[in-house]
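Take a look at the structure below.
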2 protein chains.
Amino acid sequence: MLIISDVLRGHTETIILAHLINKDSYGYEINKAIQEKTQGSFELKEATLYTAFRRLEQAGCIISYWGGEETGARRRYYAITECGKKLYAENKTDWENAKQLIDKLTGACTN
Amino acid sequence: MLIISDVLRGHTETIILAHLINKDSYGYEINKAIQEKTQGSFELKEATLYTAFRRLEQAGCIISYWGGEETGARRRYYAITECGKKLYAENKTDWENAKQLIDKLTGACTN
DNA sequence: ACGCTATACCTCGCCTGTCAATGTATATTT
DNA sequence: AAATATACATTGACAGGCGAGGTATAGCGT
């Protein structure tokens, strides 16, 4: 039972959206950014990342396009849509509520 | 996509353990306590609750015994073990870490 | 007597997100 | 020539959550 992964479950999409709010990006870059941010203490697995991209794109929250790289491996860029921004905002408020809820529910019960 | 349920995923065990820290209890009572605590905004589903009991008992984190009710439906009481207290403490620190991590990762990326 | 509600437990089977394993391709470094 | 870094993608298994359904006891109203 990897607590970390189970607790982080469901945040993948929000994490991705957060990275697309200010600029378009691609999978590898987002993954690297996360690793740096967390000093390697958490890694969004590739399989998880790419399935999340599919989900988000299918839901209309992001759109993708191939980058015009002239050298190196090709990159699939993602851009956030209005729908994606909406989802991000919703997820953020949901998270604030969930945090309080969990804090309340996991506090030792004294009655 | 019910955010709430996915975000709460993995906290079921900690929630249960929190309720057993100070006194033995049984499924129905724990469920009611949660509903009151959250004013009905969140309900731990029965199926989820009982499967979690099985998991925790099998892991040696709780033990169960039948209550000596002389009237009404019989109750299966649960008591937390040392192992359970240890797990609870671990989950709490994990949660504190996870909270910070998620806050960091879901904050709009500006670089 | 009969149905309804509350208390109290339990299980089966589906759904969904995660992830290990595996595969592809290009460019650079050793 | 081989290893490493960049970059994408899929498959299949696994685990937790939960809808739907089931069992049993007790009390209340009609």
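Atoms considered below: every heavy atom in the structure, side chains included; atoms not considered: hydrogens, waters and symmetry mates. Residue numbers start from 1 in every chain, and the chains themselves are labelled A, B, ... in the order their sequence lines are given, proteins ahead of strands.
The nearest whole Å value for the distance from the OH atom in Y65(A) to the P atom in dC8(D) is 12 Å. Per the geometry, CD1 belonging to I34(A) stands 12 Å off P belonging to dT18(C), to the nearest Å. Taking atom CZ on R75(A) and atom C1' on dT24(C), their separation rounds to 18 Å, with Å as the unit. Here the P atom of nucleotide dT18(C) and the CG atom of L44(A) are 8 Å apart, to the nearest Å. In this entry the distance linking CG of D6(B) with C1' of dC18(D) reads 12 Å, nearest Å. Counting to the nearest Å, the P atom of dT7(C) and the CG atom of N31(B) are 11 Å from each other. Across the protein-nucleic acid pair, L56(A) atom CG and dG17(C) atom P stand 10 Å apart, rounded to whole Å. One atom, CG of L49(B), and another, P of dA8(C), lie 13 Å apart when rounded to the nearest Å.
With the nearest nucleotide of DNA chain D identified for both R74(B) and R76(A), R76(A) has the one nearer the 5' end.
Of all nucleotides listed (dA20(C), dT7(C), dA26(D)), dA26(D) comes nearest to the side chain of T71(B). Picking from dC19(C), dC10(C), dC8(D) the nucleotide with the shortest atom distance to the side chain of Y50(B) gives dC10(C). In this structure, the nucleotide among dG17(D), dC9(C), dA7(D) sitting nearest to the side chain of Y28(B) is dC9(C). Closest to the R54(A) side chain, of the nucleotides dC18(D), dA9(D), dA7(D), is dA9(D). If you check dA9(D), dT10(D), dA5(D) against the side chain of A47(A), the one that comes closest is dT10(D). Out of dT6(D), dA24(D), dC9(C), the shortest distance to the side chain of W66(B) is found at dC9(C). Minimum atom distance to the side chain of K45(A) is reached by dA20(C), of the listed dA20(C), dA9(D), dA8(C). Closest to the R55(A) side chain, of the nucleotides dC8(D), dT18(C), dC9(C), is dT18(C).
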(Q) Using salt bridge (Lys or Arg N to Asp or Glu O under 4.0 Å), reason through K86(A) and E82(A) one step at a time and then give a plain yes or no. (A) CA-CA 6 Å; K86(A) 196 162 152 277; E82(A) 279 310 311; over 6 Å; no
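For dT18(C), one of the phosphate oxygens OP1 or OP2 lies less than 4.0 angstrom from a side-chain nitrogen or oxygen of T12(A). Of the side-chain N and O atoms in T51(A), none sit less than 4.0 angstrom from OP1 or OP2 of dG17(C). At dA7(D), one or more side-chain N or O atoms of Y26(A) fall inside 4.0 Å of OP1 or OP2 (strictly under the cut-off).
A distance-only check finds a donor-acceptor pair linking the side chain of T81(A) to the backbone of G60(A) [under 3.5 Å]. Although no hydrogens or angles enter the test, the distance criterion places no donor-acceptor pair under 3.5 Å between the side chain of T48(A) and the main chain of L44(A).
Aromatic ring orientation, Y65(B) versus Y77(B): parallel (interplanar angle below 30°, classes split at 30° and 60°).
With hydrogens and angles ignored, no donor-acceptor pair under 3.5 angstrom links the side chain of E46(A) to the base of dC19(C). Below the 3.5 angstrom threshold, one finds a donor paired with an acceptor across the side chain of R9(A) and the base of dG17(C).
For the pair K32(A) and E29(A), the salt-bridge criterion is not met [side-chain N within less than 4.0 Å of a carboxylate O]. The pair K92(A)-E96(A) fails the salt-bridge criterion, with no side-chain N (NZ, NE, NH1 or NH2) lying under 4.0 Å from an Asp/Glu carboxylate O.
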